[in-house]
Amino acid sequence: MATRQAFRHLARRMLSNVPESTVYGGPRPQEAAGARRVTVTTLRGKHRRGEPITVVTAYDYPSAVHVDSAGIDVCLVGDSAAMVVHGHDTTLPISLDVMLEHCRAVARGASRPLLVGDLPFGCYESSSTQAVDSAVRVLKEGGMDAIKLEGGAPSRISAAKAIVEAGIAVMGHVGLTPQAISVLGGFRPQGKTADSAIKVVETALALQEAGCFSVVLECVPAPVAAAATSALKIPTIGIGAGPFCSGQVLVYHDLLGMMQHPHHAKVTPKFCKQFANVGSVINKALSDYKQEVETRSFPGPSHTPYKITAADVDGFANALQKMGLGDAAEAAAAATENSENDGKPSENS
């Protein structure tokens with residue numbers, strides 16, 4: 001039953017790595033908001049034409065809808081959910097099962113962009129077999145189109161190659177790899193020395209050779225990102241890597257300025273531009289709501305839409321009296337009188 005449900009879910013959504021025209025005349029990509037689904041082939045075309053690729057993270061249905069509506073090319077369900085959604089200090093605690101919940105929610109909300117799901121720490125390091133099994137779950141159970149994995153150690157390159165050979169599109173990730181902070185000694189930029197910079201380029205080339213369709217370059221100097229982008233035949237997606245990459249990615253909460261709590265301010269990266277201050281708007285709305293409830297100005301007549309006729313109120317009050325609920329009957333009568341006036345309850349209500 002679970003397998004059939006997963007198949008129906010994927011069939012409804014149409015995996016974006018299904019070829020746009022197949023020799024079997026298979027399903028065509030869905031149309032959404034007047035635009036075709038973004039596929040790996042779409043990204044290759046943009047890269048070939050020198051058109052920048054846009055990537056934004058999303059973690060739930062509402063954020064996915066916004067990313068979709070904005071026409072973003074790639075929606076990344078990142079393991080950064082551990083930090084910006086679950087409140088952890090690092091990305092390490094989040095599990096594959098929790099990531100799959102985020103993936104499913106995003107898949108329901110975004111029908112146009114290419115959907116990429118992160119493989120979280122602990123679900124692909126042991127062996128290539130484990131990596132393939134986890135990647136299959138991200139597609140079959142999570143509704144994603146591709147996966148992303150971090151790092152460039154030989155075992156990671158082997159895992160990427162095995163996943164690609166299993167028929168799953170892979171996005172690589174080099175430079176600062178947050179899952180490796182135990183080895184890196186924290187969230188530290190990479191490629192700041194000649195040897196480290198060469199390692200970034202070599203790792204990116206190895207991931208390309210393994211079959212990755214794109215590589216994220218995180219927190220490396222702009223000249224290093226420019227060199228990697230020039231050396232590769234696949235798109236590079238920069239995050240804190242300067243303007244010379246094939247595209248850019250930012251975390252949803254960061255670019256919207258959603259979080260005002262000191263904990264989040266502490267971990268918001270230096271490279272992130274806030275394109276809005278949504279957090280302040282949210283805080284003001286919540287404060288206004290609290291004030292209006294406490295002053296009994298909400299809900300007013302315009303937000304009290306459901307009516308009962310005078311005759312039914314009388315019948316209701318009589319029934320309450322017979323039940324021995326005289327105070328309740330008076331409350332119903334008083335509410336009716338108030339709604340006929342300004343709709344605002346008295347101070348002693």
Side-chain angles (χ1 to χ4, degrees), residues 1-2 4-6 8-9 12-13 30-34 56 58-71 75 77 81 84-87 97-98 100-112 142-143 252-253 255-264 275-349:
M1 176 62 74
R4 289 199 299 272
Q5 289 175 339
R8 285 198 296 269
H9 171 72
R12 282 198 304 271
R13 200 183 163 277
Q30 285 183 333
E31 300 289 327
V56 175
Y59 311 99
D60 55 20
Y61 179 83
S63 58
V65 170
H66 285 300
V67 170
D68 188 302
S69 299
C75 183
V77 185
V84 298
V85 176
H86 297 280
D97 286 336
V98 173
L100 289 173
E101 290 291 343
H102 288 293
C103 288
R104 284 190 283 269
V106 168
R108 288 189 287 269
S111 60
R112 179 187 176 276
Y252 182 85
H253 295 69
L255 77 89
L256 293 178
M258 286 188 67
M259 310 291 274
Q260 305 300 314
H261 192 278
H263 167 80
H264 188 77
F275 288 82
N277 196 358
V278 174
S280 294
V281 175
I282 292 172
N283 289 342
K284 183 178 186 305
L286 292 171
S287 295
D288 290 348
Y289 164 74
K290 177 177 181 289
Q291 181 182 22
E292 290 196 14
V293 170
E294 291 176 343
T295 59
R296 298 185 182 277
S297 57
F298 174 83
S302 61
H303 295 102
T304 308
Y306 311 112
K307 308 299 181 185
I308 182 171
T309 65
D312 283 322
V313 169
D314 290 340
F316 179 45
N318 289 335
L320 290 171
Q321 291 285 1
K322 291 178 182 179
M323 294 170 64
L325 300 174
D327 289 346
E330 290 180 7
T336 301
E337 182 178 351
N338 283 333
S339 65
E340 292 173 351
N341 297 322
D342 60 3
K344 184 177 181 180
S346 60
E347 292 297 326
N348 59 1
S349 294

Side-chain donor-acceptor pairs under 3.5 Å in residues 320-333, sequence neighbours left out?
none

Worksheet item: Is there a donor-acceptor contact under 3.5 Å from the side chain of Asp60 to the main chain of Ala105?
Response: no

Worksheet, complete the sentence: Paired with Tyr252, the side chain to side chain contact (heavy atoms under 4.5 Å, CB included) test is passed by just one of Val84, Val67, Val85, namely Val67

Response to the item:
Nearest heavy-atom approach of Thr304 to Lys307 is O-NZ, 3.2 Å

Worksheet item: Rounded to the nearest 0.5 Å, how far apart are OH of Tyr59 and SG of Cys75?
Response: 9.5 Å

Fill in: Glu294: which of Gln291, Lys290, Arg296 passes side-chain hydrogen bond (donor to acceptor under 3.5 Å, both in side chains)
Lys290

Discussion item. Donor-acceptor check, side chain of Asn318 to backbone of Asp314, threshold 3.5 angstrom: yes or no?
Written reply: yes

Worksheet item: So how far is it from His86 NE2 to His102 NE2, rounded to the nearest 0.5 Å?
Response: 3.0 Å

Worksheet item: With sequence neighbours excluded, what pairs up with Ser302 under the side-chain hydrogen bond (donor to acceptor under 3.5 Å, both in side chains) test?
Response: none

Worksheet, complete the sentence: All heavy atoms of Val106 vs all of Ala64, minimum pair found to be O-CB, 3.5 Å

Worksheet item: Could you state the interatomic distance from OH (Tyr289) to CZ (Phe298), rounded to the nearest 0.5 Å?
Response: 6.5 Å

Fill in: Inter-residue atom distance Glu292.CD - Ser287.OG, 0.5 Å rounding
11.5 Å

Discussion item. Just so I know, are the side chains of Val278 and His253 near enough to count as touching, which here means a heavy-atom distance under 4.5 Å?
Written reply: no

